[in-house]
Enquirer: 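Sharing a structure here in structure tokens format.
Just so it is clear, the structure is predicted and the values come from calculations on it, not from any experiment.
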Amino acid sequence: MDFWATDQGQIITGAHRYIRAARVVRFSKEAETQGELLKVPVLHLLAHGMELLFKYPILRAGSTQAEVSKRFGHHLWKLWMADQNANFRRDALQVAQEAWSAAAASQRWPNDDFSADPQMVLLKAIQELGHLHGRSSSFALRYTLPGPTSAPRPAFLIETFGQIAERSVKDPSYLDR
């Protein structure tokens, strides 16, 4: 059977598409002048892509989509913490460190001193985005986002999870190690 036609293939392809779309919008010319207008759509694309990416190792471990949906729903933190995501978490924390260092070296964000621990920033960002993406906020990114609302900055998450999605599309067994 063609891997890309399976639930696993469709999930990792979807994760890649949504995270890639978040990247395109976030780093577009329009984002420079209309950042506030595009912030919530970028976060929505990113959160959905991350949800699919987090579900991928669980599906690869043998769960069905129905089982994953019933057990985790749209809860990013529960998906992140799933036992089947141990290798994924290890890799993501390493990629976060690399993305943080690259961002600091790029000097694209001169107002950030990059003194925080990138792994802690990543964990907090997953929790914040998970809240906005899930039931606890009444799915704020899909419907109504009350203001003022705390939200993670998407560029770091896009860089971190975008790399993992790219690697997984190129090699579907990438996260099995």
Enquirer: Give me the one residue out of F156, F54, Y56 that meets ring pair (Phe, Tyr, Trp, His ring centres under 6.0 Å) with F161.
Expert: F54
Enquirer: Within a radius of less than 6.0 Å around NZ of K124, do more than 12 heavy atoms belonging to other residues, nucleotides or ligands occur?
Expert: no
Enquirer: Could E67 and R71 be called an ion pair, given the rule that one side-chain N must be under 4.0 Å from one carboxylate O?
Expert: no
Enquirer: Measuring from atom CG of L175 to atom CG of L53, what distance do you get when rounded to the nearest 0.5 angstrom?
Expert: 7.0 Å
Enquirer: Testing the 3.5 Å rule here: is there a donor-acceptor pair between the side chains of Q163 and E159?
Expert: no
Enquirer: Classify the ring geometry of H74 against H133: parallel below 30°, tilted from 30° to 60°, perpendicular beyond 60°.
Expert: perpendicular
Enquirer: Heavy-atom count around R153 CZ within 6.0 Å, excluding the residue itself: above 12?
Expert: no
Enquirer: Might you confirm whether atom CZ of R60 has over 12 heavy atoms from other residues, nucleotides or ligands at distances under 6.0 Å?
Expert: yes
Enquirer: Under the side-chain contact (heavy atoms from CB on, under 4.5 Å) criterion, do F27 and V42 qualify, and how do the steps go?
Expert: CA-CA 10 Å; F27 294 108; V42 167; over 6 Å; no
Enquirer: Roughly how far, to the nearest 0.5 Å, is CD of Q97 from CG of L93?
Expert: 9.0 Å
Enquirer: Testing the basics here: between L79 and N85, what is the closest heavy-atom pair and its distance to 0.1 Å?
Expert: O-ND2, 2.6 Å
Enquirer: Any salt bridge linking E36 with K39? Criterion: basic side-chain nitrogen under 4.0 Å from a carboxylate oxygen.
Expert: yes
Enquirer: Please tell me whether S136 and H131 have a donor and an acceptor in their side chains that are separated by less than 3.5 angstrom.
Expert: yes
Enquirer: Determine whether H75 and R135 satisfy the following criterion, side-chain contact (heavy atoms from CB on, under 4.5 Å), listing intermediate values before the conclusion.
Expert: CA-CA 8 Å; H75 200 288; R135 184 174 308 283; over 6 Å; no
Enquirer: Over 60° means perpendicular and under 30° means parallel, so tell me whether H44 and H48 are parallel, tilted or perpendicular.
Expert: parallel
Enquirer: Looking at side-chain heavy atoms only, is the closest gap between F72 and I58 below 4.5 Å?
Expert: yes
